[in-house]
Amino acid sequence: MLAPNPSLLYLLTPLIATTISFILIVFILSQNRKGLSRWIFCALVASVGLWSLFVYAMRSSPDVQHALIWDRVASVAAISTFVFYYHFTVIYTNAKRQKWFVVIAYLLLGVTVVLNTRGLIIKDILVENYGYTPVQGPLTYLLSAMTLPLIAGGVYNLLRRYSTSIKYEEKNRLLVLVIAILFPIAGAAFDAFTKLPPLLIWGQIILCMVYSVALLRFHLFDIRVVIRKSAAYLLTSTIIAILITGLILIFNQLLGKGHFTVWLYIILLLLVTIGVQGIWLQLQNLVDRLFFRERYDFLRELEHFSQEAHDISDLNKLGSSLVDLIGRSLKTTGVRLFVSDEFGFFNLIASTGEYVPVVSFQSNNPLIRWMSRNKQVVYRHQIDIIPQLQSLTVKERAILADMDVELFVPLRNNKDELIGLLTLARKRSEQSYTAEDLRRISTVSNRVAIELENARLYARETSMRMEMQRQNEQKTEFLHHVAHELKTPLTAIISSSELVTSEELMVNPEQKERLLTNINRSAWLMDKRVGELLDLARIQIGTLELKLEPVDVSEMAHDLTSQLAALFKNKEQAIDVNIPDDLPKVRADKERVEEIMINLLSNANKFSPAQGKIVVRASALRNRVIVEVKDSASLISDEDKMRIFNAYYRGGTDEDRQRISGLGLGLAISKSLIELHHGEIGVKNEDKSGNIFYFTLPIWGVGDEKQNESTSSVSREGV
Amino acid sequence: MLAEDRYFQTLSEEELWQRYCGFLDLSITEFMNIQKVLLADEIERVAESTLGKKIMGTNKPKNLEEFRSIVPLTNYDAYEPYLSERREEVLAIKPHLWCHSSGRGGSFKWVPHSSEFLEKMTKLCIGSLILATSQQKGTVNIAPGFRILLTLPPAPYTSGAQFETVAESLTFRVIPDPKESKDLDFQRKIQKGFQVALKDGVDVIGSIASLMVKMGEVFSEQAQNIKFSPAMLDPRILSRYMRAWIRSKREKRGILPKDLWPAKAIMAGGVDSGIYKNDIAHYWGQEPYNPYGLTEAFLIAVPTWTKKAMVFPPDIVFLEFIPYNEVLKNQTDKNYQPSTVLLDQIEIGNLYEVVITHFYGMPLLRYRTKDLIKVVSLKDEETGVNLPHIVFQRRVDDVINLAALAQLDEKTIWQAIFNSKIKVVEWAACKEYSQNKSYLRLYLETNDGKSADQMANMIDDQLKIIDIDYRDIKSYLELQPVKVTILSPGTFGRYMEEKRKEGADLAWLKPPHINASEASIKRLLELSEPAR
């Protein structure tokens with residue numbers, strides 16, 4: 001039989017399909033070569049490419065005999081496409097139980113090869129006016145019927161995965177894989193059941209194009225976006241086409257049919273195209289708005305927000321605008337904005353949606369730590385997956401669960417530091433967040449980060465200024481207080497010394513003695529106050545030295561309570577010393593520890609009411625001795641507990657401060673002294689029966705080696 | 001749908017690996033961070049409980065350093081009588097379940113477990129199954145519905161409770177069905193398990209290493225004379241036989257268990273799994289996978305996919321390690337408080353006793369497990385796992401000290417017996433004295449045909465190869481350091497039968513390999529009498 005005279009299009013289409021396929025393979029492998037699924041996918045695309053190549057070989061054959069050979073080879077490649085497709089879906093969807101079906105599928109491929117050599121699948125080749133066309137063998141339809149389960153199985157695997165997948169992008173990918181395979185099937189069916197020129201190759205080209213576009217243009221391929229976009233262009237083109245056709249018809253009517261030749265049509269088309277440029281753009285904009293209204297509105301709102309944000313310096317106001325914008329544009333049930341403060345806490349600044357108790361994240365929260373290091377958003381389900389987040393405590397998990405968060409978005413400043421966190425709850429549509437949503441969030445977070453950082457710095461600056469102001473006031477008050485504390489005994493000394501030298505008292509020795517005692521007491525009080533100030537200064541500049549020795553805490557406590565017995569007696573307070581006899585000695589500077597004990601006991605005396613009870617206890621725990629002084633004073637607030645050991649801080653009510661003298665240095669010095677002993681000091685009142693001031697000291701002889709090391713190193717530093 | 005099944009449905013293979021085995025990608029710093037955060041949470045939770053106060057005192061430790069300096073190392077007695085009486089009011093939170101040990105220590109050790117802990121444990125169990133069935137990183141070869149052949153004691157025994165807990169979250173099939181086989185004895189259960197597996201297939205086989213080898217040997221002998229039976233008419237069984245036959249013929253050998261029961265993993269417990277590693281691989285087609293578990297915390301370390309050494313997960317318990325020299329100091333002076341190191345401080349080649357602190361509100365704090373582990377590497381280049389790798393060495397007390405020169409543990413003696421090629425059915429070892437000199441007495445149930453002296457010499461030769469310290473002991477003792485007493489075949493079987501009739505607990509049926517009580521040894525000798 002003679003060779004046909006095929007058209008160029010008929011010959012070139014398989015070559016186009018082959019070229020696209022092999023470019024696609026190069027692209028896929030250049031990105032990453034790991035993973036079996038990637039290789040099987042490449043095999044699938046390669047078989048499509050070979051199929052097209054063999055079809056080209058068939059179409060360009062010089063005679064029917066050659067064409068028959070190539071068509072038989074092409075049919076094997078066709079079957080292998082579907083086998084690889086099925087194998088790919090099994091691996092991609094982890095349907096490992098179907099591994100035996102994969103084996104069967106490959107057996108089927110082997111059978112195809114054998115049957116083809118016998119002419120049972122492609123029997124012969126006919127020459128049509130467009131080119132060669134195969135004549136199906138007796139087993140063609142049987143083989144097709146056997147191939148169908150492979151395709152159906154593959155589609156089933158993908159759809160099964162689609163139904164359980166929680167990821168929007170994955171769902172799209174699966175949808176692409178399902179849709180793409182339908183094109184060559186449709187082409188094959190068309191060829192099998194009609195006598196028209198073959199369309200199969202076009203199906204293959206479309207398949208490859210879909211895969212290419214999926215990988216190149218959209219990366220994760222949002223099929224819905226493609227459909228929308230295509231529809232938008234189609235609509236625009238239709239409007240333009242109607243316009244042009246209308247114009248042609250009008251011209252036809254006006255000038256008559258005979259006057260219009262082809263070249264005139266072309267000129268007219270060109271003119272119309274140039275002329276409707278502006279209309280085209282307007283229409284395109286209109287259609288885009290129609291199909292992409294959300295995105296359009298979002299961008300407009302974002303622009304508006306950016307203009308506004310420049311003028312907002314109030315962090316809370318800025319936060320509210322931001323969460324409103326995100327809430328509206330993404331249609332979420334709730335958005336929360338957390339911004340870090342100077343203490344490392346990420347505090348809730350603004351929120352939309354349902355009411356939630358105000359929460360904050362600490363900077364050492366595993367999620368915050370993870371987001372500080374990793375730039376990407378975290379989906380809720382990833383909290384159960386990321387190993388670094390397994391240190392989230394039950395409480396933290398419960399908070400996250402209560403917040404009903406679907407997505408955690410990091411906000412970074414221009415130094416790439418995490419400055420805030422956006423949390424997004426579910427979408428109102430109950431759908432998952434799309435790649436488009438993520439792009440919007442990313443756009444917002446990048447734009448607002450700078451404004452947020454500015455507002456945050458402004459807020460921090462304001463807070464620091466207020467704190468400095470407070471400290472300044474405290475210092476002024478302290479100076480005033482020091483002057484008062486020193487002036488009182490000084491006044492007593494001056495007035496008493498003047499009196500003692502006056503003539504009328506020279507003869508009264510009793511009164512003179514009283515005045516001298518007064519001078520002496522006032523001088524000692526001044527000495528004490530100056531001593532406190534000096535101690536604090538020594539501690540602060542690090543020149544205070546400890547003389548460490550074994551100290552019997554029990555003996556010390558008994559001695560001191562006897563010494564101070566008069567104080568307690570004055571207020572009719574009961575003092576109880578409860579220390580076991582076998583309490584081990586501590587490693588301490590005896591004088592300094594006495595100083596601390598006196599301070600705690602005199603505080604207990606001062607602040608406990610008359611007839612109150614003071615208890616001194618001590619016990620050994622592991623390598624330490626814990627000494628406790630319990631008073632019966634009013635309970636110290638949690639706020640005061642944090643400040644009470646700060647220098648110059650004088651707790652209690654204003655009345656207490658007026659009534660009780662002191663510089664507010666006693667506890668601060670005690671704290672520093674205890675820390676020099678490698679101990680700890682604190683106050684607790686959880687049982688509500690009084691305040692317990694406690695301090696710990698190391699037991700003499702336990703871990704001395706270590707202690708010596710640390711003491712000597714401290715000594716070298718001059719403490 | 002069960003909770004973990006859902007993860008298998010919705011997550012990709014990569015995500016599944018990350019969820020269950022992702023801890024293998026942590027750096028040691030990240031590992032320690034997780035440990036510290038969870039410990040701080042634990043301290044916060046238990047500080048106000050009765051038991052917490054009993055152990056920690058009234059001053060709550062503020063950080064890890066304080067925790068380690070204030071809280072003493074504990075043992076089970078420190079929690080008595082609260083745990084034995086299962087008093088929940090003394091705990092920080094209500095436990096989800098109570099489990100007890102096998103009673104090897106003389107009495108049951110009851111330990112409570114919170115639901116949060118059980119969730120984490122379930123995750124780790126699934127992780128260990130994934131690792132056991134994987135040959136490479138990132139491959140998940142199990143899915144809900146997998147079949148596991150094993151016989152376990154029921155809850156509240158720890159191992160039984162562990163599997164029941166996993167079964168609450170993940171669908172899998174235990175072969176034989178525990179309900180159907182509850183009245184069968186151990187042997188029959190195993191037999192039935194393999195019968196069912198022959199029909200339905202099996203993915204994971206769990207058993208004791210030595211038993212797996214024994215079964216492999218017996219099967220290989222019997223497989224040479226497989227006779228037709230009506231059961232073979234079942235197409236599933238027939239196809240399995242066919243496949244096994246083809247495979248054996250292709251490899252020019254007899255049928256082995258691995259041909260009929262090609263499992264994805266062999267979970268083999270016991271210190272002997274390392275000794276029988278090659279034999280198990282030969283008979284069953286897979287190297288044994290042996291995670292490290294204990295009553296107090298179920299699993300605490302799992303081997304990686306190479307099955308060579310184990311890695312600790314960060315979120316099961318807080319880990320401390322007592323260096324072996326500190327353990328020894330404490331053994332000589334009970335008042336001595338041994339110091340501990342953390343996972344980022346352990347050194348290659350050293351032995352450590354594991355100290356655990358529960359997370360998730362459960363009560364054990366700085367609890368000495370009495371288990372010795374050996375650090376084999378600080379990271380593994382081959383797998384890319386950057387966490388310390390360990391192997392289980394022995395129990396602290398399971399050792400025979402010869403003249404303070406050599407310390408022979410169960411694994412060493414077992415290895416020596418194995419290497420000597422003496423066919424031993426069961427054995428027991430203890431220390432005996434002659435002229436004030438100590439030596440190792442081995443009671444071997446064997447019908448090898450060699451004399452006791454011959455066997456002693458063979459084992460002695462092997463011990464010299466395995467244990468460096470043992471080499472010089474002969475010259476020091478001036479006598480043969482190994483003596484063997486042969487027990488007649490069936491002695492251990494009779495002993496176990498007797499114990500079973502007495503109603504002894506599972507773990508007490510067989511005398512321990514090391515330092516069995518005098519009464520047990522005496523009884524073994526009596527039971528061996530007829531054949532001696």
query: Among B:C21, B:S69, B:P314, which residue forms the greatest number of heavy-atom pairs with chain A at distances under 4.5 Å?
result: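 The answer is B:S69.
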Residue, of B:F23, B:Y7, B:Y360, that accumulates the most heavy atom pairs under 4.5 Å with chain A: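 Heavy-atom pairs under 4.5 Å are most numerous for B:Y7.
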field: Distance (rounded to the nearest 0.5 Å) between A:T93 OG1 and B:E13 CD
entry: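 Going from OG1 on A:T93 over to CD on B:E13, the span is 10.5 Å.
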query: For the atom pair CD (B:E15) and CG (A:D384), what is the distance rounded to the nearest 0.5 Å?
result: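 Those atoms lie 11.0 Å apart.
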task: Tell me the residues of residues 123-139 of chain B whose non-hydrogen atoms fall below 4.5 Å from those of chain A, in number order.
output: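 Near chain A, by residue number: B:K123, B:T139.
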message: Within residues 30-42 of chain B, which residues come under 4.5 Å of chain A, heavy atom to heavy atom?
response: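 So the qualifying residues are B:E30, B:N33, B:I34, B:V37, B:L38, B:D41.
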If you draw a 6.0 Å radius around [atom1] in [X], do more than 12 non-hydrogen atoms from other residues or ligands fall strictly inside?
X	atom1	value
B:Q337	CD	yes
A:R160	CZ	yes
B:K120	NZ	yes
B:K379	NZ	no
B:E326	CD	yes
A:Y156	OH	no

message: Is B:M56 in contact with chain A via its backbone, its side chain, both, or neither, using a 4.5 Å heavy-atom distance?
response: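 It is the backbone, since no side chain atom gets that close.
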Per-residue contact mode, B:R45 against chain A (heavy atom under 4.5 angstrom):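 Looking at B:R45, just its side chain touches chain A.
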field: Set of ring-ring contact (aromatic ring centres under 6.0 Å, His included) partners for A:Y92, sequence neighbours left out
entry: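 For A:Y92 the ring-ring contact (aromatic ring centres under 6.0 Å, His included) partners, ignoring immediate neighbours, are A:F88.
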query: Can you name the ring-ring contact (aromatic ring centres under 6.0 Å, His included) partners of B:F8, sequence neighbours left out?
result: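 Checked B:F8 against ring-ring contact (aromatic ring centres under 6.0 Å, His included); matches are B:Y20.
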Side chain to side chain contact (heavy atoms under 4.5 Å, CB included) between B:T10 and A:H381, worked out: CA-CA 10 Å; B:T10 55; A:H381 79 271; over 6 Å; no
Report which part of [X] has an atom under 4.5 Å of a heavy atom belonging to chain B: side chain, backbone, both, or neither.
X	result
A:L389	neither
A:E680	side chain
A:K395	neither

- request: Report the C-alpha separation of B:Q18 and A:Q382 in whole Å, then their side-chain angles, then the decisive distance to 0.1 Å, and conclude whether the side chain to side chain contact (heavy atoms under 4.5 Å, CB included) test is met.
  value: CA-CA 10 Å; B:Q18 204 186 11; A:Q382 285 182 305; 6.0 Å; no
- prompt: Do you know the tightest heavy-atom contact between A:P387 and B:G22?
  reply: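 Between these two residues, the closest heavy atoms are CG-O, 3.4 Å.
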task: Over all heavy atoms of both residues, which pair between A:R161 and B:Q9 is shortest? Give the atoms and the distance, please.
output: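 Looks like NH1-O, 4.0 Å.
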